[in-house]
Each structure stands twice: as structure tokens, then as C-alpha cells.
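When a ligand or atom number is given, it counts from 1 through the structure's own listing order.
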Amino acid sequence: MTDFSDFRPETLAVRAGQQRSQFGEHAEALYLTSSFVFDSAAQAARRFSGEEEGNVYARFSNPTVSMFEERLAALEGAEDCVATASGMAAIMALCLAHLKQGDHIVASNSLFGATVQLFNNILSRTGITTTFVPATDPAAWEAAIRPETKLFFLETPSNPLTEIADIRALTAIAHARGILVAVDNCFCTPILQKPLELGADLVVHSATKYIDGQGRVLGGAVCGPKKLTEEVFKYLRTAGPTLSAFNAWVLLKGLETLKLRVEAQAANAARLAAWLEAHPKVARVFYPGLPSHPQHELAKAQQKSGGAIVSFEVKGAREQAWTVVDNCRLLSITANLGDTKTTITHPASTTHGRISPEARAAAGINEGLLRIAVGLEAVEDLQADLERGLSQIG
Ligand SMILES: *Cc1c(COP(=O)(O)O)cnc(C)c1O
């Protein structure tokens, strides 16, 4: 891949990875083709054997997908990137590329719900086991290591409580034992956090969230050094959860405005978090950008800002939280996040509704908690929308 290391993120976002065809198109072309034609039998043989680089079949590679991969790799500061059909496909590909029967994962206990299901119910069937530990307690990660531990898997900030895992500290523990570290960088995106620079081996993304940012397509990616992504590529090439060319094309255009969107959404979130913290009907706000966040200093050290996810507890329980949700006319009642349109969700009855009340309480997710993924609307309009419900709490 081309070396873009001299360029700044703004430039990478709109320029990195583009390959023009003979037609000289200015925008990136969308190549809707499932296979590619060779000049000769000999070239076909060289392409299949890997002796000659080039496209063969869209399950292996596609020029539009390659442009997306190269642009995201440049933004993450990664040598290579392999795009996948979704964020979950990226996590599955990473695990099956690097783990085998008998291996063990140590993972944060506040991961995305489907990631927990994947580890507990699907990978477990292949004989790969997982121990879940608190994201914020490096000693617990170290204590969970077994001789067969091959992977640390974490997400930071966590959902919905925005806990911060110390990427540098966890990487030091893992690397001392030859364990790989993978970070799900979905919430921060490379605009706010670069896990590879902090020592992590691999970054996974749900491109469905901020990278698209406008709620249109699913996508995912694994970024890292070629010697690690190569194995992910081999898995995809055979198992098939590759990114479609159309989705790659949408995501390429998403990357062009990623920095503008993420910075503006995070600035809105910071203002909304401060307003909520001062609100008489709000008991507590969880936002890494606030000095009241228990890991505010760590967040400042490893993230450029607090991000665009704000959680808060209303004074009261489910009834009061639902009053806020049900009085929203602007905020979308949906569990999705990363969109330009602000979303609101009640984790205890939706994303975390299937876990037992005891486990929920242990995770700190109580009935009064609400999560907001802040978009691009005017903060004053978001405040007015929330105030309608908050003012009804007795
Ligand atoms: C949404 C999400 C995923 C899964 O991504 P999909 O594209 O929906 O498969 C993984 N991790 C995090 C943190 C997410 O928010």
C-alpha cells in the first residue's frame, strides 16, 4: 500500500487509497463485479497462486473494497486493513484467524452484547473459552491469564457506562506473556483514539456506526500489521464474510467526513453532558470528558476528547427514565449509535434487557439509566427535547 504517513488525517480521509481507472473519474468508482478477467491462462495461474498481485474474485478482493481498506488503514496508522461484512464479522474473523480449539480469551465484561454472545455461545462450541473481567482493573486481567490465553479483547469507552480501559497498561501485561491485544475502536474511531499507537496489536471496527455515520449500510474491518491481518484475509477468502463493493463505496465517502462529524458530535456531547450534570432531575452523568468521570485523566491521555456517547441516571427508576424517552419528539428511540441523528435508549429494558437483574446491577446498569448517542442537531434543540420529559419527573 502507498505510504501516506506524511499526510495529516484531514488529507488521508479524502485522499488515501484512491485508485483511478483509465477513465479518470474524480470520485472513487464503484466496481460492481463478482469476478475479474485475465489476459491469458498464464496470468490466471499467477493470480490464483498469488505470484502476481491483482483481483481474482470478489470474495478475495474488489477495487472499491481495497480503496476503503487502504483509507481506513491510513487513518488508523495501520500497515494493513481487511474489510468485513459487519462489525461482528470482523470480530469473528479476527478470532478464527488467530485462535484454535483450546485457546482462551480474556475480555472486558462490558462488551457489545453480540460480542459477548459470540464468545459465550458460538466460539465456546469450537473449544475457545473466555473469561470476562472488569475493563478498568488491569490486575484482574493479569490474574485471569492461563497458559492457553492467546487474546485480550477490549472495548473502550464501554457501552453504556463509558468506562475507560487502559490500553497501554493492558498491552504491557499481555505482551509480557506473548498475548495479542485487540481493541474494538467503534466508539472513538481513529479520529479520537489510535489503539495501535498505544501498543495494541489489532483494531476492529463496526463501520456501521460512525464510519458510515448516516445509518445506511453494515460494514466492519480489522486493522493491524500485515503479518496479523494476512491470517484474517485468509479466513475471509475461504469463509466469505467479505464487505460488499456497494457498502465499501458508501463507507469510503463516510470516511471523508468522519473527522468533521465525530468532532462536531463530540463537541455537542460535551455540552449536553455538562447541561445534564447541572440538571436537578439528573442523579449522575457518565461522560469521559467530564472532570467528575472516575477515569477522566486516563481518558484525556488516550482519547482526543470525551466522544459522542453520554449516559445518565435520572432521579428515579424505570418509570422516570421512560418518561424522558417517551417525551422525545426529536431524539430517535433506537439502540443504534454513531448516527448524525441523535438516538436515545434505555439499556435496562433493551440492549441489556436479557441479562438478569442481578448481573445488570453488578454491571452498574440501573433502571434509571439512559444512553444518548449525540448527533449533529443543535444542542439547544436536544436540551429542549429532553427537558420536556425531565420536567415531568416528580
Ligand atoms: C455495533 C457494534 C458492533 C457490531 O457491529 P455490526 O456492524 O452491527 O455487526 C461491535 N462492537 C461495537 C462496540 C458496536 O457498537
Once you restrict both partners to nitrogen or oxygen, which atoms of ligand 1 have a protein partner under 3.5 Å, and how far apart are they?
{"residue": "ligand 1", "atom": "5 (O)", "partner": "S206", "partner atom": "OG", "Å": "2.9"}
{"residue": "ligand 1", "atom": "7 (O)", "partner": "G87", "partner atom": "N", "Å": "2.8"}
{"residue": "ligand 1", "atom": "7 (O)", "partner": "S206", "partner atom": "OG", "Å": "2.9"}
{"residue": "ligand 1", "atom": "7 (O)", "partner": "T208", "partner atom": "OG1", "Å": "2.6"}
{"residue": "ligand 1", "atom": "9 (O)", "partner": "G87", "partner atom": "N", "Å": "3.1"}
{"residue": "ligand 1", "atom": "9 (O)", "partner": "M88", "partner atom": "N", "Å": "2.9"}
{"residue": "ligand 1", "atom": "11 (N)", "partner": "D184", "partner atom": "OD2", "Å": "2.6"}
{"residue": "ligand 1", "atom": "15 (O)", "partner": "K209", "partner atom": "NZ", "Å": "2.7"}

**Prompt:** Any side-chain donor-acceptor pair under 3.5 Å between S61 and N55?
**Reply:** yes
**Fill in**
Tested for side-chain contact (heavy atoms from CB on, under 4.5 Å) against R371, the lone hit among L161, I344, I365, N159 is N159
**Asked** Are a donor atom and an acceptor atom from the side chains of N185 and E155 found within less than 3.5 Å of each other?
**Response** no
**Request:** Output yes when R47 and E52 qualify as a salt bridge under the 4.0 Å nitrogen-oxygen rule, no when they do not.
**Result:** yes
**Message:** Is there a path of hydrophobic side-chain contacts, each under 4.5 Å between heavy atoms, that joins I164 and V310?
**Reply:** no
**Message:** So that I can tick it off, tell me whether E256 and R261 are bridged by a salt bridge, with the cut-off set at under 4.0 angstrom between side-chain N and carboxylate O.
**Reply:** no
